[in-house]
Amino acid sequence: MKLMLQELERDLLGDNDVDVGDMFGTALNMEIDGEWSGPARTEPIHEPPKESSSSESNLSSISSNKEASHFSSRTPKQMLIECAAVLAEGNIEGASAIINELRQLVSIHGDPPQRIAAYMVEGLAARVAASGKYLYKALRCKEPPSSDRLAAMQILFEVCPCFKFGFMAANGAIIEAFKDEKRVHIIDFDINQGSQYITLIQSIAKLPGKTPHLRLTGVDDPDSVQRLNGGLQIIGLRLEKLAEVLGVSFEFQAVASRTSLVTPSMLDCRPGEALVVNFAFQLHHMPDESVSTINQRDQLLRMVKSLNPKLVTVVEQDVNTNTSPFFPRFIEAYSYYSTVFESLDVTLPRESQDRMNVERQCLARDIVNIVACEGEERIERYEVAGKWRARMTMAGFTSCPMSPNVIDMIRKLIREYCDRYKLKEDLGALHFGWEGKSLIVASAWR
């Protein structure tokens with residue numbers, strides 16, 4: 001059994017970019033202090049669902065704390081994979097035993113393997129208890145960022161360059177697209193904290209000659225923390241003040257609607273404007289054909305194509321958590337987030353509060369959802385670059401390769417960070433990664 005799992009682990013943890021059927025979320029300040037703020041929990045899992053039948057399972061022999069005790073000498077990674085395999089076979093009791101032991105060995109204050117294990121084990125526990133949906137909602141951000149405080153997601157974009165470079169690639173493509181345009185309208189379906197547009201406005205201000213008038217439309221989900229707390233208005237005012245100081249003609253408007261319900265008439269597209277649509281870490285939240293017969297993901301892309309935009313930019317995590325069954329999805333998520341945690345460990349000191357906030361407030365929520373949830377409850381449905389390419393092509397878009405100027409600019413900035421960050425161009429898209437692992441892909445389309 002051990003040899004079989006080790007072989008499967010080696011196969012699944014390979015870095016091949018497989019085109020199959022799909023941090024980072026936008027949580028700002030989440031209610032997880034009681035769960036992960038201290039040492040690892042040791043209490044057993046309560047009220048697990050009835051164990052499913054797995055009489056023929058070759059993993060069903062792991063069914064008690066006594067039988068699982070030999071795992072203590074193994075690494076957290078080995079124990080996590082064993083636990084996921086046991087759970088995939090329906091052995092709830094065996095999985096629970098491993099989870100309880102893992103909780104005594106891992107810590108959010110430890111090295112990267114310990115930290116990723118601390119969060120992934122809670123995802124496994126939530127799956128056992130069928131509480132992933134509720135935990136994911138409980139981890140929803142409580143309030144938008146204030147004017148004098150950087151939220152964790154904004155810190156993530158600064159300290160983990162792959163995410164920052166994804167935004168920069170999109171901004172570079174946008175600026176290239178509206179050269180010689182007098183009026184530009186950007187539609188963003190998830191503006192988050194507006195970090196991308198702070199950089200964009202600053203870049204526009206440096207352009208030679210008369211800068212274009214920029215109109216920014218942010219789609220505002222009625223259930224989002226931004227709407228509930230007036231955060232989108234705060235973000236709009238901040239961008240307007242920045243534009244005024246830098247001498248950029250700018251206006252901001254919010255569309256209060258769920259993304260799936262947005263229609264062209266709600267976006268106020270005007271004649272004479274160069275239209276740009278930006279999808280940064282947003283499209284993966286839209287359910288597709290694997291979830292419902294109403295394919296909201298492709299439906300949204302077709303609606304955007306009907307607007308006849310001059311450019312569409314897409315920035316997404318380069319990993320498949322969409323259509324993969326539970327066990328291979330768990331392996332893929334572990335591989336991906338382990339790389340992110342490792343890169344953060346190099347960028348920020350082990351004792352850094354910023355690092356802890358980023359991991360707890362930006363990554364834990366996504367991990368729990370990917371590991372614990374299925375069907376409509378699984379929101380974090382990432383896809384690999386090849387699948388996004390296929391979706392964009394089917395929606396009628398044509399790839400628009402990043403310009404040499406954009407690529408050179410980003411390469412120069414990468415040199416200022418750790419040399420383990422990598423940039424690769426493939427089929428017109430830019431892949432940003434850590435060593436040999438692609439983390440973020442940015443592409444542009446017409």
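Everything numeric here is computed off the predicted structure, so don't read it as measured data.
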S.K.: Do Y421 and F432 make the cut of ring centroids closer than 6.0 angstrom?
M.R.: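 Aromatic pair excluded; centres sit 6.0 Å or further apart.
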
S.K.: Please check if the number of heavy atoms outside R446 that lie under 6.0 Å from its CZ is greater than 12.
M.R.: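 Atom CZ in R446 is not packed in, count stays at 12 or less.
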
S.K.: At their closest point, which heavy atom of V312 faces which heavy atom of F397, and how far apart are they?
M.R.: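 Closest approach of V312 to F397: CG2-CE2, 3.6 Å.
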
S.K.: I need the minimum non-hydrogen distance between G166 and A442, along with the two atoms involved.
M.R.: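 What the structure gives for the nearest pair is O-CB, 4.1 Å.
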
S.K.: Measure the acute angle between the ring planes of F281 and F163, then classify it against the limits of 30° and 60° as parallel, tilted or perpendicular.
M.R.: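 Tilted: the ring planes of F281 and F163 meet at 30° to 60°.
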
S.K.: Evaluate E380 against R329 for salt bridge (Lys or Arg N to Asp or Glu O under 4.0 Å), listing each step before the verdict.
M.R.: CA-CA 12 Å; E380 306 300 334; R329 184 173 77 242; over 6 Å; no

S.K.: Does F326 have R127 sitting over its ring (NZ/CZ under 6.0 Å from centre, angle to axis within 45°)?
M.R.: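 That pair qualifies as a cation-pi contact.
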
S.K.: Is the distance between the ring centroids of Y417 and F165 under 6.0 Å?
M.R.: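 Aromatic pair counts; centres sit under 6.0 Å.
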
S.K.: Could you go step by step and tell me if E425 and R411 meet the salt bridge (Lys or Arg N to Asp or Glu O under 4.0 Å) rule?
M.R.: CA-CA 11 Å; E425 184 179 10; R411 285 194 190 280; 5.6 Å; no

S.K.: With no hydrogens and no angle check, just 3.5 Å: does a side-chain donor-acceptor pair link Y197 and N278?
M.R.: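 The criterion, which ignores hydrogens and geometry beyond distance, is satisfied for N278 and Y197.
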
S.K.: Do NZ/NE/NH1/NH2 and the carboxylate oxygens of R103 and E122 come within less than 4.0 Å?
M.R.: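 Salt bridge flag = yes for E122 with R103.
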
S.K.: Considering only NZ, NE, NH1 and NH2 on the basic side and carboxylate oxygens on the acidic side, decide whether R215 and E273 come within less than 4.0 Å.
M.R.: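 Yes.
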
S.K.: Side chains of D288 and S290: any donor to acceptor distance under 3.5 Å?
M.R.: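 The criterion, which ignores hydrogens and geometry beyond distance, is satisfied for D288 and S290.
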
S.K.: Distance alone, cut at 3.5 Å: any donor-acceptor contact between the side chains of D298 and N295?
M.R.: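 Yes, N295 and D298 have a side-chain donor paired with an acceptor closer than 3.5 Å.
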
S.K.: Could you report the tightest heavy-atom contact between C269 and L275, atom names first, then the distance?
M.R.: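 So the minimum-distance heavy-atom pair works out to SG-CD2, 4.1 Å.
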
S.K.: Would you check if the distance from the ring center of Y119 to the ring center of Y337 is below 6.0 Å?
M.R.: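 No: the rings miss the under 6.0 Å criterion.
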
S.K.: List the atom of V277, the atom of F189, and the distance in Å for their closest heavy-atom pair.
M.R.: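 Shortest heavy-atom separation between V277 and F189 comes out as CG1-CE1, 3.8 Å.
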
S.K.: Distance alone, cut at 3.5 Å: any donor-acceptor contact between the side chains of T75 and Q78?
M.R.: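 Per modelled atom types, T75 and Q78 side chains form a pair under 3.5 Å.
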
S.K.: Would you kindly say whether T199 and N171 are connected by a side-chain donor-acceptor distance under 3.5 Å?
M.R.: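 No, N171 and T199 have no side-chain donor paired with an acceptor closer than 3.5 Å.
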
S.K.: Does E244 have more than 12 heavy atoms from other residues, nucleotides or ligands lying within 6.0 Å of its CD?
M.R.: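 At most 12 heavy atoms, drawn from other residues, nucleotides or ligands, come within 6.0 Å of this atom.
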
S.K.: Salt bridge or not between D345 and R115? Use side-chain N to carboxylate O under 4.0 Å.
M.R.: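 Yes, this pair counts.
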
S.K.: So, H431 and D318: side-chain donor and acceptor under 3.5 Å apart, yes or no?
M.R.: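 Judged by distance alone, the side chains do pair up.
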
S.K.: Check whether any side-chain N or O of R297 sits under 3.5 Å from a backbone N or O of H284 as a donor-acceptor pair, and report yes or no.
M.R.: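 Yes.
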
S.K.: Check whether the side chains of S107 and Q114 place a donor and an acceptor atom closer than 3.5 Å, and report yes or no.
M.R.: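 Distance-only check fails for S107 and Q114.
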
